[in-house]
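Predicted model only: the values in this text are computed from it and were never measured.
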2 protein chains.
Amino acid sequence: MYHACMDNPLRFALPPLAALLFAGAPLGASSPPARPLSSTDIVAAAPADAWVAVPPEDLLVVDLEGGQRVVIALAPGFAPVHVANIRRLVRSGWFAGITVNRVQDNYVVQWGDATEKKPLPDGIVASPPAEYARDLKGLGFRTMPYRDAYAERVGHAGGWPVASDGTFAWLPHCYGMVGAGRNLAPDTGTGAELYAVIGHGPRHLDRNIALVGRVLSGMEALSALPRGTEALGFYREGTPRPAIVAARLASDMPAAERPAFELMRADSQSFADWLTARANRKDDFFIRPAGAIDICNALPPVRAKG
Amino acid sequence: MYHACMDNPLRFALPPLAALLFAGAPLGASSPPARPLSSTDIVAAAPADAWVAVPPEDLLVVDLEGGQRVVIALAPGFAPVHVANIRRLVRSGWFAGITVNRVQDNYVVQWGDATEKKPLPDGIVASPPAEYARDLKGLGFRTMPYRDAYAERVGHAGGWPVASDGTFAWLPHCYGMVGAGRNLAPDTGTGAELYAVIGHGPRHLDRNIALVGRVLSGMEALSALPRGTEALGFYREGTPRPAIVAARLASDMPAAERPAFELMRADSQSFADWLTARANRKDDFFIRPAGAIDICNALPPVRAKG
């Protein structure tokens, strides 16, 4: 009898007639829809040119023991040296056998070499620059008209969420974003130790550590892991640690096996409509649309292809 | 070799000398500390009168099969009718045997009567008022000097996070907040179906559904549950559903068994210092303190007593 607190409580249980009728209709069609298109409708109706394919060389495919797969889009436009290191680590097979060592509730899951002794392959930049922000210029940044607690401006570029001070631009620490762990010195994170955010966006980490990507698929394989019981969520000595069986770039996989994903382009009309609809939810459940949206609730839509 | 992305990477591995020396020192002590107190130091040093005990009648103790315990502070100051319903449901034993039926990644875990046929006990208000906001007046609200994407003002009152438009005040949908599921009509949530937020704060739900409390302890028993594979994260028919063995109010438990919790008071100096320290992290890990904080990253500190 209760189906509360849903993104759209009717979408699945009992699709409203108007949504069924107008889901595929172009915006501004002559028959006025009974209700505005929902964000879900807009994603479903977005044309092919509203999407940008994640290049196969930027798609990191991580298989965990037990058969779960996590797919991460890498962000060479924001952290090129870290991403180059990660590609090299992947291609050398370094991540095979690497384990999840830390799961801190409402914060991060972190994987790396628990022995801290596994030698890095040749060609790794041992001290990459602190790739915490890049020039705003040239990014194609589109500001969203909503406040942010942390940054002067937030918005999107390509298929990425972005925060900015008007001069620099950086990826925000949102649920599902992936970063390169580091030690105290800003340049100590090679990309061999990675973390994904599994809680409310710890945005205080923005510009303090390099974000290198975003989980596009399989997030639940990380977020539902048992929390570590030691300080900072590290697993206690002797606790079984989920292991990575294989990590590959999609570009190195046989064509028939390659996963493929697309992100909605920030410069598309569909994205503008989606953002407006997300900030002003008007389905039958919502009584008072927020009229705004937090950047971490506005991560560009993802779709699997093929 | 890497211990990245920590709240305070030195706190546990190698406590900085200054923190050891000054953790218990009063602010403004004559010997100048080598570094500002961290938020952790401030919590540890907060005097007794900086804390407010959660009344035992507001402390909901939920025991899950498998032995995990979740403790929730109820919020009668925000949702009195819903909380009265919940107390009545608890005291009638209604929640025993109730199951978690929905776990949607980056959103909510929801528990209730999967059969949708279990009769509610006598005395339940079947259609409580839509307790989504209350008068700001009389709340003792203290605004924090930071922006919010959703509300004109955010801050704290008592031991609670609060959002406000200057006239009304409401609890924000942050990680760990607990609400009363409802159907489409605003007054259909009795408190028999509850949810807890397990992702980035879905603040668009603010003022659209009644929040009734906050998880103080045992959050990982909810947040690490396997995600449901059906639409909206509902568990597939036949999937084992985690069951509630017992739900009690602390006030109804024998004194020796009662858990007890305190929240830091929003009107204490310790809280003001803690908030400033959280917004301006200055330990060895942080290169660029944020200078701001999101309300969902500023939930008042909790401590177990006795």
Side chain, backbone, both or neither: which part of A:Leu225 has a heavy atom under 4.5 Å from chain B? backbone
Using a cut-off of under 4.5 Å on heavy-atom pairs, state which of B:Asp206, B:Val197, B:Ile287 scores highest against chain A. B:Ile287
Measure across B:Asp105 and A:Met219 and return the closest heavy-atom pair with its distance rounded to 0.1 Å. OD2-CG, 3.5 Å
To the nearest 0.5 Å, what is the distance between CG on B:Asn208 and CZ on A:Arg281? 9.5 Å
The interface call for A:Arg288 against chain B, heavy-atom contacts under 4.5 Å, is both
Measuring heavy-atom distances to chain B, does A:Tyr150 have an atom under 4.5 Å in its side chain, in its backbone, in both, or in neither? both
Please report the interatomic distance CG(A:Leu184) to CG(B:Asp283), rounded to the nearest 0.5 Å. 8.0 Å
Taking atom OH of B:Tyr175 and atom OH of A:Tyr175, what is their separation to the nearest 0.5 Å? 7.5 Å
With a 4.5 Å cut-off on side-chain heavy atoms, are A:Asp294 and B:Asp148 touching? no
Using 30° and 60° as the class limits, which term best fits the ring planes of B:His200 and A:His200: parallel, tilted or perpendicular? parallel
Chain B contact via A:Ala151 - side chain, backbone, both or neither, heavy atoms under 4.5 Å: backbone
Go through the atoms of A:Ile295 and report whether side chain, backbone, both or neither lie under 4.5 Å from a heavy atom of chain B. neither
Using a 4.5 Å cut-off on heavy atoms from C-beta on, say whether the side chain of B:Asn183 contacts that of A:Phe285. no
Quick one: which of B:Ser223, B:Ala292, B:Gly199 has the most heavy-atom pairs under 4.5 Å with chain A, could you say? B:Ser223
Any side-chain heavy atom of B:Glu220 sitting closer than 4.5 Å to one from A:Pro226? no
Could you tell me if the side chain of A:Phe286 sits less than 4.5 Å from the side chain of B:His204, heavy atoms only? yes
Specify which of A:Gly201, A:Ala279, A:Pro289 makes the most heavy-atom pairs with chain B at under 4.5 Å. A:Gly201
